[in-house]
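Notes follow the structure.
Computed from a predicted structure; not experimentally measured.
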Amino acid sequence: MIESYQLTQGDTPLLISMPHAGTALTPEVEAGLNKATLSLADTDWHIPKLYNFAAELGASRIEARYSRYVIDLNRPESDTPLYTGATTGLFPSTDFDGEPLFEEGKEPTKAQRDWAKEHVWRPYHNALAGELARLKARFGYALLFDAHSIRSKIPRLFDDQLPDINLGTFEEQSCNPELSQRLLTVCAAQSRFSHVINGRFKGGHITRSYGDPTNHIHAVQLELSQRTYMNEPCDEQPIFAYREDRAAEVRPLLRELLEAMQRWGEVRGC
């Protein structure tokens, strides 16, 4: 069986979570997917590669191995909807464009879904919670950065083109408002990439559940437009090609955001 996640422990209070970077499928899900959806279009492509500087910051990292088409790690186990309007659930039945994922009659069974909860969802969340607890016990506080990416144009989910940088703090409930402002200041200091906070993406289950500023755990989600490090929007599917030239432009901003979190934490985190 494939390990459901990879955890790399760092030596600072920062943990980077990558719940949608996985591409592994169970045999049953792979056999049931429509031919068109085998491309796994809704993956947060290349996120571990994009954040390859994390070790230099001393950050811990947890990376999912299984695809969100097996089970979505950024949804509650109860499958309670996080957003009004079009969205996807714990066990997606359609892709972001609203197209069916599975051939008729080949959707995952209850037994298969129960297996995914037990062997994919819970291990990831147990490890994530355990690492946050370790960091808080050592430093007195912990910082969680939930790293995501998405195609810049998905009419079913949002109008027009998505901003490049989409920060989510659950309307400042998942972290101290001062930290939100610090990150906005970093974004505003540059003009290359557009940005917004608590727009279409306010933070998923991980941000909302683990962010607990009164208990000195501060969580932020970043939904990064894939056009910032992959092909242009018209080419984002189905090839999903990584562009090092573009990644080299956005990576310094990503690093600055993480370093700003760390600097803020050193002063105000606990």
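- For the pair Leu183/Met261, a side-chain contact is recorded, criterion being any heavy-atom separation below 4.5 Å from C-beta on.
- Side-chain contact between Leu222 and Phe201 is absent, with no heavy-atom pair separated by less than 4.5 Å.
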Exercise for the section: Determine, step by step, whether Arg65 and Glu63 satisfy the salt bridge (Lys or Arg N to Asp or Glu O under 4.0 Å) criterion, reporting the C-alpha distance in whole Å, the side-chain angles of both residues, the deciding distance to 0.1 Å, and the verdict. Expected result: CA-CA 7 Å; Arg65 292 304 188 211; Glu63 306 169 19; 3.7 Å; yes
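- A salt bridge between Asp160 and Lys153 is absent, with no side-chain N of the basic residue lying under 4.0 Å from a carboxylate O of the acidic one.
- Each of Asp44, Asn166, Thr207 was checked for a side-chain hydrogen bond (donor to acceptor under 3.5 Å, both in side chains) with His148, and the lone residue meeting it is Asp44.
- The shortest distance between side-chain heavy atoms of Ile71 and Lys117 falls below 4.5 Å.
- The shortest side-chain heavy-atom distance between Phe193 and Cys187 does not fall under the 4.5 Å cut-off.
- Gln112 has its side chain out of reach of Val29: every pair of non-hydrogen atoms, C-beta onward, lies at least 4.5 Å apart.
- Ionic pairing of Arg255 and Glu259 is present here: one or more N-O contacts between side-chain nitrogen and carboxylate oxygen are shorter than 4.0 angstrom.
- Although no hydrogens or angles enter the test, the distance criterion places a donor-acceptor pair under 3.5 Å between the side chain of Thr12 and the main chain of Gly58.
- The pair Lys202-Glu172 fails the salt-bridge criterion, with no side-chain N (NZ, NE, NH1 or NH2) lying under 4.0 Å from an Asp/Glu carboxylate O.
- When every heavy atom of Leu128 is checked against every heavy atom of Ile206, the shortest pair comes out as CD1-CG2, 4.0 Å.
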Exercise for the section: Applying side-chain hydrogen bond (donor to acceptor under 3.5 Å, both in side chains), run through Ser60 and Gln9 and close with a yes or a no. Expected result: CA-CA 4 Å; Ser60 297; Gln9 293 184 324; over 6 Å; no
Practice task
Given side-chain contact (heavy atoms from CB on, under 4.5 Å), test Asn215 with Tyr141 step by step and report yes or no.
Solution key: CA-CA 8 Å; Asn215 196 35; Tyr141 68 99; over 6 Å; no
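- When all heavy atoms of Thr169 and Ser180 are compared, the closest pair comes out as CG2-OG, 3.4 Å.
- Between Val220 and Cys175, the shortest heavy-atom distance links the atoms CG2-SG, 4.1 Å.
- Listed here is the closest heavy atom pair of Phe240 and Ser39: CE1-O, 3.6 Å.
- Between Arg68 atom CZ and Phe96 atom CZ the span is 3.5 Å, to the nearest 0.5 Å.
- Ser174 contributes no side-chain N or O that, together with a main-chain N or O of Arg208, makes up a donor-acceptor pair within less than 3.5 Å.
- Nearest heavy-atom pair, Tyr124 versus Ala64, reported as atom, atom and distance to 0.1 Å: CE1-N, 3.7 Å.
- Counting heavy atoms from C-beta outward, Leu162 and Val196 have side chains that stay 4.5 Å or more apart.
- With respect to Glu28 and Lys106, no salt bridge is recorded, no charged nitrogen being found less than 4.0 Å from a carboxylate O.
- Ring pair Trp121/His205 is tilted by interplanar angle, where 30° to 60° counts as tilted.
- When atom types are taken as modelled, the side chain of Arg200 and the backbone of Phe158 share no donor-acceptor pair closer than 3.5 angstrom.
- Within 6.0 Å of CD in Glu118 there are more than 12 heavy atoms belonging to other residues, nucleotides or ligands.
- Closest of all the heavy-atom pairs between Pro123 and Tyr5 is O-CE2, 3.5 Å.
- Note that Lys49 lies in the cation-pi zone of Tyr242, set by a 6.0 Å cut-off to the ring centre and a 45° limit from the axis.
- Using modelled atom types, one side-chain atom of Asp95 and one backbone atom of Gly98 make a donor-acceptor pair closer than 3.5 Å.
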Problem - Tyr69 and Thr43: CA distance, side-chain angles, deciding distance, side-chain hydrogen bond (donor to acceptor under 3.5 Å, both in side chains) verdict - result: CA-CA 9 Å; Tyr69 291 172; Thr43 302; over 6 Å; no
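- Checked by atom type and distance alone, the side chain of Gln190 pairs as donor or acceptor with a backbone atom of Arg192 at under 3.5 Å.
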Exercise for the section: Could you walk me through whether Glu244 and Arg251 pass salt bridge (Lys or Arg N to Asp or Glu O under 4.0 Å), step by step? Expected result: CA-CA 10 Å; Glu244 183 56 50; Arg251 193 179 283 118; 3.2 Å; yes
Problem - side-chain hydrogen bond (donor to acceptor under 3.5 Å, both in side chains) assessment of Glu99 paired with Thr94 - result: CA-CA 5 Å; Glu99 297 299 322; Thr94 65; over 6 Å; no
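- Between the side chain of Glu223 and the backbone N or O of Ile165 there is no donor-acceptor pair closer than 3.5 Å.
- Put simply, the side chain of Asp72 gets close to the backbone of Asn74: a donor and an acceptor are under 3.5 Å apart.
- Side chains of Arg75 and Pro92 form no contact here, defined as non-hydrogen atoms less than 4.5 Å apart.
- Side chains of Met18 and Asp146 form no contact here, defined as non-hydrogen atoms less than 4.5 Å apart.
- Glu178 places no side-chain N or O within 3.5 Å of a backbone atom of Asn176 that could act as its donor or acceptor partner.
- Looking only at distances, no side-chain donor or acceptor of Thr37 sits under 3.5 Å from a matching main-chain atom of Leu33.
- Classification of the His125-Tyr210 ring pair by plane angle, with boundaries at 30° and 60°, yields parallel.
- Ion pair Arg134/Glu131 flagged as a salt bridge, since at least one NZ, NE, NH1 or NH2 atom sits closer than 4.0 Å to an Asp/Glu carboxylate oxygen.
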Handout entry: side-chain hydrogen bond (donor to acceptor under 3.5 Å, both in side chains) between Tyr66 and Thr23, intermediate numbers included
Key = CA-CA 5 Å; Tyr66 279 95; Thr23 57; over 6 Å; no
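- Checked options Phe170, Phe145, Trp264, Phe139; the residue passing with His218 is Trp264 (criterion: ring pair (Phe, Tyr, Trp, His ring centres under 6.0 Å)).
- Using a distance-only test at 3.5 Å, with no hydrogens or angles considered, a donor-acceptor pair links the side chain of Asn198 to the main chain of Glu171.
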